[in-house]
Amino acid sequence: MYVKICGLSEPEHVATAVEAGADAIGFVLTRSPRRVTPERAAELAALVPGHVLTVGVFRGEDPETVREAVLASGVRGVQLHGKHPHRDFTALKDLGVRLVRAVDAQADLRCGAYDEDLLIVDAPHAGSGQPWDWAAVRGRPSGHWLLAGGLDPANVGEAIAAAGPWGVDVSSGVESAPGVKDSALIEAFLRAVGKIGG
């Protein structure tokens, strides 16, 4: 199970996620309580070993703004969240980073349809932290796709069983307060998906 821990802003939580077996770590570079500057993302990304993907998360920014932030932060992946047109992904291909498309279940759910490397299928109200009908997408997405939206250590096993994803993506479900990550919850989440024993 591929696991992305998103919205990290503190070195201790980056270290916890890496040590507990996360495959990808997301830094929010768009409007959000979890937003960090590209410079802060660069400091955090420098702590992440090469086998773990670092992802800059954007929503609604134009490709040139994304490009500047990616170059400043040094992230190795770009996540475009929401209704970004195909041309936005095409415009970023030359950066040589992994492209991630994050959408709700009403979108085209074929991973690669917009030339992306990974697809995230999120809740209808992204960022709400509310569980949704995960089973509704079972069998629909194709390729390397991650389930997101309302996941936490207590329900991620149920969500995986319901939707059958290739991976999972969590943010608010490993927080003690909005925008404040909790190392114990990060470890519990990775334990729940079988990344660490115990």
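Only a predicted model underlies this, so the values are computations on that prediction, with no experimental measurement involved.
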Step-by-step side-chain contact (heavy atoms from CB on, under 4.5 Å) determination, Lys181 to Arg34: CA-CA 10 Å; Lys181 292 294 186 281; Arg34 301 164 186 88; 4.0 Å; yes
Residues Ile5, Val170; criterion side-chain contact (heavy atoms from CB on, under 4.5 Å); working and verdict: CA-CA 5 Å; Ile5 308 290; Val170 67; 3.5 Å; yes
From CA spacing to verdict: side-chain contact (heavy atoms from CB on, under 4.5 Å), Val121, Leu146: CA-CA 6 Å; Val121 182; Leu146 282 64; over 6 Å; no
Candidate pair Asp104 and His125, rule side-chain hydrogen bond (donor to acceptor under 3.5 Å, both in side chains), full reasoning: CA-CA 8 Å; Asp104 65 27; His125 301 289; over 6 Å; no
Verdict with supporting geometry, Val168 and Phe189, side-chain contact (heavy atoms from CB on, under 4.5 Å): CA-CA 10 Å; Val168 288; Phe189 188 88; 3.9 Å; yes
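Considering Val52, Asp23, Ile120 as possible partners of Lys4, the one that fulfils the side chain to side chain contact (heavy atoms under 4.5 Å, CB included) test is Ile120. When each of Lys93, Arg101, His86 is checked for a side-chain hydrogen bond (donor to acceptor under 3.5 Å, both in side chains) with Asp115, only His86 meets the rule.
Here the CH2 atom belonging to Trp166 is positioned 5.5 Å from the CG atom belonging to Leu118, to the nearest 0.5 angstrom. Separation of atoms CG (Leu119) and CG (Leu109) is listed at 6.0 Å; rounding is to 0.5 Å. The distance from the CG atom of Leu190 to the CG atom of Leu185 is 11.0 Å, given to the nearest 0.5 Å. Rounded to the nearest 0.5 Å, atoms OG1 (Thr16) and CD (Glu10) are 11.5 Å apart. Considering CD of Glu43 and OG of Ser73, their distance stands at 11.5 Å, rounded to 0.5 Å. Going from atom OG1 of Thr54 over to atom CD1 of Ile25 covers 8.0 Å, rounded to the nearest 0.5 Å.
A salt bridge is defined here as a Lys NZ or Arg NE, NH1 or NH2 lying under 4.0 Å from an Asp or Glu carboxylate O, and Arg67 with Asp62 fails to meet this definition. Salt bridge Arg98/Glu116: absent, no basic N to carboxylate O contact under 4.0 Å.
Of all the heavy atoms in Trp145 and Pro165, the pair that sits closest is CZ2-CA, 3.3 Å. Here the shortest heavy-atom pairing between Tyr2 and Ala24 reads OH-CB, 3.6 Å. Across all their heavy atoms, Ala159 and Leu151 have their closest contact at CB-CD2, 3.4 Å. The two residues Ala163 and Trp134 make their nearest non-hydrogen contact at CB-O, 3.5 Å. Val103 and Gly82 make their closest contact through CG1-O, 3.9 Å (heavy atoms, listed as atom of the first residue, atom of the second, distance). The two residues Phe89 and Tyr114 make their nearest non-hydrogen contact at CB-O, 3.2 Å.
No donor-acceptor distance shorter than 3.5 angstrom exists from the side chain of Asn155 to the backbone of Glu158, with no hydrogens or angles considered. Checked by atom type and distance alone, the side chain of Arg140 pairs as donor or acceptor with a backbone atom of Ala105 at under 3.5 Å. The main-chain N or O of Val28 is never found under 3.5 Å from a side-chain atom of Ser32 such that the two would form a donor-acceptor pair.
For the residue pair Asp117 / His144, no side-chain donor-acceptor distance below 3.5 Å is found, with atom types taken as modelled. Side-chain contact, Asp182 with His13: no donor N or O sits under 3.5 Å from an acceptor N or O. Remark: the Glu61 side chain and the Thr30 side chain contain an N/O donor-acceptor pair separated by less than 3.5 Å.
Considering only heavy atoms from C-beta on, Val48 stays 4.5 Å or farther from Leu53 through its side chain. You'll find the side chain of Val75 stays beyond 4.5 Å of the side chain of Val55, heavy atoms only. In this structure, Leu147 and Val156 have side chains that are not in contact, with every pair of non-hydrogen atoms separated by 4.5 Å or more. Leu80 is not listed as a side-chain neighbour of Val100, based on a closest heavy-atom distance of 4.5 Å or more. Contact check for Phe27 versus Val14: side-chain heavy atoms found under the 4.5 Å cut-off. Residues Thr37 and Arg40 meet the side-chain proximity criterion, which asks for heavy atoms closer than 4.5 Å.
The environment of Arg138 atom CZ is dense: over 12 non-hydrogen atoms of other residues, nucleotides or ligands sit within 6.0 angstrom. Heavy atoms of other residues, nucleotides or ligands lying less than 6.0 angstrom from CZ of Arg110 number 12 at most.
Hydrophobic cluster membership differs between Leu8 and Val180, with clusters built from Ile, Leu, Val, Met, Phe, Trp and Tyr side chains linked at under 4.5 angstrom.
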